[in-house]
Amino acid sequence: DVMYLMSRTDDPAEEHTFFKIQSIGTRFIEVFAEAFPATPYLFVYRDPVQVMMSHLDHEHMEQSNCVRPRSNPPRIVVDLVEGRAGRSVTDLSHEEYCAAHLATLCDSAL
């Protein structure tokens, strides 16, 4: 069991475990909630404008985390862009693609 192995400790008094999940993991919150229904969780997020500025603050924008999967976009991003904006992912600027990627993460969590 991965959760057991990740939460092992050499302190027998330890009773609680904390996991910080990468942002992409928000797309799987339902899986965690189903697997651990009695376990509370907290979703913390930053101002999306600050997140985008951080992601796009690169010399080569196409290498930023939120833009990198653009060549093979996840279905959830394609569905969001086509459904809400009526556009194709290929027509988006780097900034627009990054915004769509971040929107899918927040939608999944909320």
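Quick note: numbers below take in every heavy atom, side chains included, and nothing from hydrogens, waters or symmetry partners.
Applying the salt bridge (charged side-chain N to carboxylate O under 4.0 Å, His left out) test to pairs two or more places apart or on separate chains, none has a residue in residues 33-55. Residue pairs satisfying the salt bridge (charged side-chain N to carboxylate O under 4.0 Å, His left out) criterion with at least one member in residues 88-108, sequence neighbours excluded, are listed as follows: Arg84-Asp107, Arg87-Glu96. The salt bridge (charged side-chain N to carboxylate O under 4.0 Å, His left out) pairs that include a residue from residues 12-31 number zero, where partners must be two or more places apart or lie in different chains.
Minimum heavy-atom separation, Cys98 to Val67: CB-CG2, 4.3 Å. When all heavy atoms of Pro73 and Val78 are compared, the closest pair comes out as CG-CG2, 3.8 Å. Of all heavy-atom pairs between Leu102 and Pro48, the closest is CD1-O, 4.3 Å. Ser108 and Ile76 make their closest contact through OG-CD1, 3.9 Å (heavy atoms, listed as atom of the first residue, atom of the second, distance). Nearest heavy atom pair, residue Ala100 against residue Val81, reads CB-CG2, 3.7 Å.
Taking the side chain as every heavy atom from C-beta outward, Tyr97 and Pro69 approach each other to under 4.5 Å. In this structure, Ile21 and Thr26 have side chains that are not in contact, with every pair of non-hydrogen atoms separated by 4.5 Å or more.
Separating the CE atom in Met52 from the NE2 atom in His101 is a distance of 10.5 Å, to the nearest 0.5 Å.
By the side chain to side chain donor-acceptor pair (under 3.5 Å) test, Arg68 pairs with Asn65, sequence neighbours left out. Residues satisfying the salt bridge (Lys or Arg N to Asp or Glu O under 4.0 Å) test with Arg75, not counting sequence neighbours, are Asp79, Glu82. Under the rule for a side chain to side chain contact (heavy atoms under 4.5 Å, CB included), the partners of Ser7 that lie at least two apart in sequence or sit in another chain are Thr17, Phe19.
Heavy-atom contacts from other residues, nucleotides or ligands closer than 6.0 Å to OH of Tyr45 number 12 or fewer. Enclosure of atom CG in Asp10 is not indicated, since only 12 or fewer non-hydrogen atoms of other residues, nucleotides or ligands lie within 6.0 angstrom.
Put simply, Leu110 and Val44 are part of two different groups of oily side chains (I, L, V, M, F, W, Y) that touch within less than 4.5 Å, one to the next.
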